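For clarity, every value in this text was computed on a predicted model and none was experimentally measured. Sequence lines set the chain letters: A, B, ... in the order given, protein chains first and strands last, and positions in each chain run from 1.
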Amino acid sequence: MSVRVRFAPSPTGYLHIGGARTALFNWLYARHAGGKFVLRVEDTDEERNTPEAINVILEGLRWLGLDWDEGPASNDPAGDSVGDRGPYYQSQRAEIYARRVEELKVKGLAYEDDGAIRFRMQREAVTIPDLICGDVVRELTDREQEQPDFVIVRSDGKPVFHLVNVVDDIEMGITHVIRGEDHLSNTAKHIALFRAFDVEPPQFAHIPLILNANGSKMSKRDEGASLEGWQQAGYVSSAVTNYLSLLGWSPKDDSQVMPLSEIIERFDLPQINRANARFDLEKLQWMNYEHLRALPMADYRERAVAAGVDFGGATEDYIAAALGTCQDKVKQVDDLPTFCSFYFTDEFDYDEAMAAKAFAPDNKEPFARLREVFAGVEDFTPEPLEAALKALAEELDVKVRVLVMPARCACTGVKVGPSLYDLMAVLGRDRVLVRFDKALAAMS
RNA sequence: GACCCCUUCGUCUAGUGGUUAGGACACCGGCCUUUCACGCCGGUAACACGGGUUCGAGUCCCGUAGGGGUCGCCA
């Protein structure tokens with residue numbers, strides 16, 4: 001039987017990073033096994049359900065590149081969907097649940113209790129076969145011993161999570177349930193329900209949770225908990241999926257930075273760890289940098305625009321050359337505007353601290369000489385520029401920085417940026433000389 | 001209160017009875033350099049604790065401690 005997995009989020013208005021990883025693991029497994037990835041929206045809690053809340057999930061998954069083979073085509077629960085096992089919004093499946101509840105009643109496995117309907121739960125321990133945790137024997141808790149029969153339909157007629165979850169997994173032919181470990185204990189109820197419907201339960205794989213850096217449970221407000229934050233901060237989605245894939249799963253060798261295609265190929269359930277993992281912002285940042293620098297220039301350019309870089313009227317060649325000097329040095333695309341804006345405008349202020357040092361009176365004479373040398377350099381490219389500058393430093397018997405600092409400040413106004421020689425070559429002789437003159441004037 | 005899961009450097013992890021306990025992020029030092037958010041080289045740093053089993057235990061068993069989860073007419 002071919003693999004069918006599902007991601008079943010509830011539209012709460014945000015996509016939790018842990019939920020994103022659950023979706024990723026399901027998707028990875030489907031793609032690895034050549035199976036189907038189903039998206040089902042558990043929108044039974046109507047209060048929080050809004051088209052916007054659903055969009056957050058849909059957009060989040062799209063951004064991550066987790067395309068679903070079956071599921072909603074839009075954020076309209078009553079709208080179109082892809083796949084023949086729909087509807088994929090639980091709010092549209094009331095009849096199916098009613099039919100299944102009736103089935104349990106007929107079998108004598110469900111009964112009414114003050115208006116609600118309870119499932120006749122078994123009283124013995126349930127063994128949960130789990131691909132990651134092994135066989136887990138779940139005993140009843142003290143409270144469950146008092147009342148083992150749990151509610152499957154509320155007195156207002158709405159079916160409860162445990163029921164709809166199992167019914168949908170049956171109807172949708174789900175073969176593997178990959179979900180957070182917070183559902184492990186609940187699985188006893190689910191297995192009992194599957195049996196009540198005379199259906200062999202799917203394979204279960206409970207994956208460890210993602211915790212905060214301090215080990216506490218990650219909730220909505222915690223730093224980094226919402227996927228939207230990463231989307232807005234300009235993170236590269238492949239970096240996020242790469243980072244997330246390494247939380248709980250391991251390729252078992254020293255691989256760290258991998259393209260999605262490689263992760264798909266190597267991903268499998270038995271390699272998943274059983275221990276919870278903590279979210280490490282710094283490693284994600286590093287991972288993002290690794291993916292950012294590997295981006296094709298066209299993509300990088302697009303991100304630069306999104307980050308707010310104004311290219312002015314620059315030509316494409318100039319833009320590509322300019323961004324090329326930044327790509328392997330800028331860690332976050334958010335930093336790009338301050339890093340490269342000097343390329344696209346002549347109107348910038350000198351950083352005070354930088355200028356105070358760079359434009360010190362003692363530097364003026366050497367810097368003026370540098371201007372003349374650069375005016376005469378035959379080939380205005382990095383290597384000749386560097387050679388010329390160093391030759392002059394030697395001739396004047398000054399440290400290289402005496403020439404470099406004012407040159408950088410004159411060209412960019414700030415102390416951090418691309419390699420000085422590269423940046424001057426991109427700027428071109430005319431622009432560099434104009435900026436040198438302006439700086440010289442500021443030095444007197 | 002009960003039940004379930006987990007425990008290797010600060011963090012993510014490799015390790016399936018015999019290893020100098022490996023890698024990555026972070027950190028520290030050096031080199032290069034432009035004073036940098038590039039790069040290169042090097043370093044500090046871990047088997048939670050206590051009992052077993054075994055010639056030998058990070059690896060197997062039991063216990064303790066700690067962390068997480070669940071027990072709802074939320075999902």
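- Between B:G67 and B:U54, the distance separating the two P atoms is 35 Å to the nearest Å.
- Spacing between B:U44 and B:G51 at atom P, rounded to whole Å, works out to 30 Å.
- Atom CG of A:Leu209 is separated from atom P of B:U7 by 14 Å (rounded to the nearest Å).
- Rounded to whole Å, the C1' atom of B:C12 lies 13 Å from the corresponding atom of B:A46.
- At a threshold of 4.0 angstrom between heavy atoms, the contacts of A:Asn186 include nucleobase atoms, whether or not backbone atoms are also involved.
- In this structure, A:His206 reaches neither bases nor backbone, as no heavy-atom distance under 4.0 Å exists between it and the strands shown.
- Within the 4.0 Å cut-off from OP1 or OP2 of B:A14, at least one side-chain nitrogen or oxygen of A:Lys252 is found.
- Considering only side-chain atoms of A:Thr141, the nucleotide from B:U13, B:C71, B:A37 that sits closest is B:C71.
- Residue contacts shown for A:Val400 are limited to sugar-phosphate atoms, with no base heavy atom under 4.0 Å away.
- Between B:G69 and A:Arg138, no contact under 4.0 Å exists linking OP1 or OP2 to a side-chain N or O.
- An OP1 or OP2 oxygen of B:G39 is reached within less than 4.0 angstrom by a side-chain nitrogen or oxygen of A:Tyr289.
- A salt bridge does not link A:Glu42 to A:Arg6: none of the charged side-chain nitrogens sits closer than 4.0 Å to a carboxylate oxygen.
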